[in-house]
**Q** 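Mind looking over this structure? Questions follow.
As a basis for the values below, the full set of heavy atoms in this structure was taken, side chains included, without hydrogen atoms, waters or symmetry mates. Here, residue 1 is the first one in the sequence, and each next residue gets the next number. When a ligand or atom number is given, it counts from 1 through the structure's own listing order.
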Amino acid sequence: MEDLTAKQECAGAFDAHHPPSSEIIDKCVHCGFCLPVCPTYVLWGQEMDSPRGRIYLMKMASEGATEMNATWVSHFDSCLGCMACMTACPSGVDYGKLIEATRAQIERETERSPGEKLHRRFMFETFTRPERLRRMRLPLLVYQKSGLQAVVRGLGLLKVLPKKMQAMEALLPKLGPREAVAEVTAAVGTNRRRVGLLLGCVQREFFSQVNAATARVLAAEGCEVVAPQAQPCCGALLVHAGEEAAAVELAKRTIDAFERADVETVITNAAGCGSNVKEYGHLLRDEPEYAERAIAFAAKCKDISELLTELEPRARRQRLKLRVAFHDSCHLQHAQGVRSQPRALLSSIPGLELTEIPEAPICCGSAGIFNLVQPDAATELGDRKAGLITQLKVDVVATGNPGCVLQMQSALARLGQMTPVVHTIQLLDASIRGESGESLWR
Ligand code: SF4
Ligand code: SF4
């Protein structure tokens, strides 16, 4: 009987498991205010690659007027999930929920080519497993430090690889020593708050200096920092790619780990992870044991810039004479609505001159795994952003997401620019420690 009900509720081409909500779809009044900020519409000018067009395609599928065929799927594969359309929409259309539900339908109901399946499996089995990323560090360090990378790039040998592999190589971070964050870091002076630190996967293994800086700044500002070593990947990449079942399991384990840590606040410093954990209530809504706990957990989650602007500054900031461009990560500005806080943190550093990058709402092309699965469009967007940054003549670019760091470093390098890209918290940490900004990228 339940199956029959489910079948009756099945919406057109979609299956019955949380199809994109007709209520949300019907909120779209087709005004088009979202079009100028949609990166794919900006690039190609095609209605079906705009938010309005994609919502129309969802409506057609839910009414059974189209199948989820290859062309239909391609318009969703090309969506960056950047959520710029949500910020621009005057009708409050929650496109985030629509695209998440659509992607889960695509992964369940359509078949990808063997090559595509393999590529996606590799990414999910690697980037969501910190222990596997750690095992990759040594061979990558040898590749970079031995000079082999420079030779391979210089001779153009990578051109024989498939485009997606070339994209992966181009995005490799410059690896240095791994800085571990202790399970517990004591607050400096009187303890103001006990906070948990979400370590991330790529952040933990390839940007460990960002986690170390985050823990130091929190401690300097009077927070006791708990970084549960047993915490898994939060599942952000999987949610954004429609791999719902695997994401649900990781979300449960993340909640377990932080409940055991007994913290008042959970700090994120990777915007993609932050936007994901803040939505755990939605992701775990069908899980009787976790639904309420997920809502409580999500309510505790804050980006590092949100917490630090709430706390009265305690640690003395020292002069950093740098001209800095701040890049808004989409998952911070659009998905979490965090814009003023990182700017306030940077502006609190004496001597630092903050500049704005034009076209701030438009994505740099990173967007989770977008630059790995859609390298051509990602390269165009990266080049566009890098061109705008170059005109500003800054010493450094600051941002709040590891994916954006990689994407912009690679795009700036294509233009022959060596402008460093760092996490905002690293500049604040350098200022509190009285170090020069240059020490971060020397
Ligand atoms: S999420 Fe970004 S790429 Fe996708 S429709 Fe919205 S603005 Fe366009
Ligand atoms: S701005 Fe909102 S209501 Fe207008 S077309 Fe875009 S999604 Fe629809």
**Q** Output the list of atoms in ligand 2 that are nearer than 4.0 Å to some heavy atom of C31, sorted by atom number.
**A**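 Near C31, the atoms of ligand 2 are 1 (S), 3 (S), 4 (Fe), 5 (S).
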**Q** For E131, I'd like to know if atom CD has over 12 heavy atoms of other residues, nucleotides or ligands within 6.0 Å.
**A** yes
**Q** For ligand 2, which atoms, with element, lie under 4.0 Å from some heavy atom of S91?
**A** 3 (S)
**Q** Using heavy atoms and a 4.0 Å limit, tell me yes or no: is S50 in contact with ligand 2?
**A** no
**Q** Would you find more than 12 non-hydrogen atoms of other residues, nucleotides or ligands less than 6.0 Å from Y56 atom OH?
**A** no
**Q** For residues 24-33, which side-chain N or O atoms pair as donor and acceptor with protein atoms under 3.5 Å away, sequence neighbours left out?
**A**
| residue | atom | partner | partner atom | Å |
| --- | --- | --- | --- | --- |
| D26 | OD1 | K59 | NZ | 3.1 |
| K27 | NZ | G92 | O | 3.4 |

**Q** Above 12 or not: heavy atoms from other molecules or residues under 6.0 Å from CE of M165?
**A** no
**Q** Just to be sure I read this right, does ligand 2 sit under 4.0 Å from the backbone of I55, its side chain, both, or neither, counting only heavy atoms?
**A**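 For I55, only side-chain atoms sit under 4.0 Å from ligand 2.
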**Q** What's the shortest distance from atom 2 (Fe) of ligand 2 to any protein heavy atom, and which residue and atom give it?
**A**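 That would be C89 SG, 2.3 Å.
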**Q** Provide the closest heavy-atom pair for C233 versus L250 in the form atom of the first, atom of the second, distance.
**A** O-CB, 3.4 Å
**Q** Specify the protein heavy atom at minimum distance from atom 5 (S) of ligand 2: its residue, its atom name, and the distance to 0.1 Å.
**A**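 Nearest neighbour among protein heavy atoms for atom 5 (S) of ligand 2, to 0.1 Å: G32 N, 3.2 Å.
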**Q** Listing by chain and number, what protein N/O/S atoms are under 2.8 Å from atom 2 (Fe) of ligand 1?
**A** C82 SG
**Q** Take atom CD of Q149 as the centre, draw a 6.0 Å sphere, and report whether it contains more than 12 heavy atoms from other residues, nucleotides or ligands.
**A**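 Above 12, so yes.
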